[in-house]
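Predicted model only: the values in this text are computed from it and were never measured.
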Amino acid sequence: QLQLVESGGGLVQPGGSLRLSCAASGITLDYYTIAWFRQAPGKEREGVSCSSRSGGITNYADSVKGRFTISRDNAKNTGYLQMNSLKPEDTGIYYCAVYRGGVSLLTRRCPGPDQYDYWGQGTQVTVSS
């Protein structure tokens with residue numbers, strides 16, 4: 001049975017750090033682009049970051065560049081999102097998603113949200129003092 005299970009969320013103070021994990025089962029993660037999305041209270045879901053199948057291409061939303069790092073360990077079938085220097089506006093539910101395809105080497109743009117094949121249930125991140 002396919003599962004994407006996010007973990008690592010919680011309540012942190014501004015400036016703090018969290019590392020989110022996305023553990024995949026039922027698929028071989030090597031074949032999938034992985035991405036992170038988030039949905040803040042009262043806002044639409046937005047793309048945060050994505051990583052190509054090998055991890056060779058990574059892309060970030062402007063709002064998180066320099067603070068967040070996406071990575072993956074295909075041997076462990078797990079993706080990660082390291083979040084540093086967290087801000088209150090980073091608060092939201094974070095979802096991982098996978099797409100059985102690649103990231104364009106030419107455009108380096110993440111697949112659109114409708115392209116993803118599977119989604120996790122989400123993990124809550126709250127940044128507040």
Listing request: all disulfide bond (SG atoms under 2.5 Å apart) pairs with a residue in residues 70-104, at least two apart in sequence or in separate chains.
Cys22-Cys96

Atom of Gly79, atom of Ile34 and distance for their closest heavy-atom approach
CA-CD1, 3.8 Å

Are Val64 and Val12 connected into the same hydrophobic cluster when the rule is that any two of I, L, V, M, F, W, Y join if their side-chain heavy atoms are below 4.5 Å apart?
yes

When rounded to the nearest 0.5 angstrom, what is the spacing between CD in Gln1 and CD in Gln3?
5.5 Å

Can you tell me which residue pairs pass the disulfide bond (SG atoms under 2.5 Å apart) test with a partner in residues 31-89, sequence neighbours excluded?
Cys50-Cys110

Polar side-chain atom of Glu6 near backbone of Gln121 as donor-acceptor pair, under 3.5 Å
yes

Checking Asn74 side chain against Arg53 main chain: does a donor-acceptor pair fall under 3.5 Å?
yes

Contact between Val125 and Leu20 at the side-chain level, heavy atoms closer than 4.5 Å - yes or no?
yes

Return each pair, listed once, that meets salt bridge (Lys or Arg N to Asp or Glu O under 4.0 Å) where at least one residue sits in residues 72-81; pairs must be two or more places apart or across chains.
none

I need the Gln124 CD to Leu11 CG distance, nearest 0.5 Å.
9.5 Å

By salt bridge (charged side-chain N to carboxylate O under 4.0 Å, His left out), Arg67 pairs with (sequence neighbours left out) Asp90

Do Leu2 and Val5 sit in the same hydrophobic cluster, where Ile, Leu, Val, Met, Phe, Trp and Tyr count as joined when their side-chain heavy atoms come under 4.5 Å apart?
no

So do the side chains of Val98 and Ile27 get within less than 4.5 Å of each other, counting heavy atoms only?
yes

Taking every non-hydrogen atom, the tightest pair across Val103 and Pro111:
CG2-CD, 4.2 Å

Partner set under salt bridge (charged side-chain N to carboxylate O under 4.0 Å, His left out) for Lys65, not counting sequence neighbours
Asp62

Pairwise side-chain contact, Leu81 with Val48, heavy-atom cut-off 4.5 Å (strictly under)
yes

Does Ala23 have any side chain to side chain contact (heavy atoms under 4.5 Å, CB included) partners at least two apart in sequence or in another chain, and if so, which?
Thr78

Filter on side-chain hydrogen bond (donor to acceptor under 3.5 Å, both in side chains), then keep only pairs touching residues 94-107, sequence neighbours left out; what's left?
Arg38-Tyr94, Ser104-Thr107

Counting C-beta onward and ignoring hydrogens, is there a side-chain heavy-atom pair between Ser128 and Thr91 closer than 4.5 Å?
no

Closest contact, heavy atoms only, Leu4 versus Ala24
CD2-CB, 3.6 Å

Do Pro14 and Pro88 come close enough that some side-chain heavy atom pair is under 4.5 Å?
yes

Enumerate the ring pair (Phe, Tyr, Trp, His ring centres under 6.0 Å) contacts for residues 25-44, please, sequence neighbours excluded, ordered by first and then second residue.
Phe37-Tyr116, Phe37-Trp119

Which side-chain hydrogen bond (donor to acceptor under 3.5 Å, both in side chains) pairs, counting each pair once, include a residue from residues 16-30, with sequence neighbours left out?
Ser17-Asn84

Who are the side chain to side chain donor-acceptor pair (under 3.5 Å) partners of Glu89, not counting sequence neighbours?
none

Which pairs pass ring pair (Phe, Tyr, Trp, His ring centres under 6.0 Å) with one or both residues in residues 39-90, sequence neighbours excluded?
none

Once salt bridge (Lys or Arg N to Asp or Glu O under 4.0 Å) is applied, what residue pairs with a partner in residues 105-114 remain, sequence neighbours excluded?
none

Using a 6.0 Å cut-off, check whether atom CG of Leu105 has over 12 heavy atoms from anything other than its own residue.
no

Looking only at atom types and distance, does a side-chain atom of Ser52 sit under 3.5 Å from a main-chain N or O of Ile57, one as donor and one as acceptor?
yes

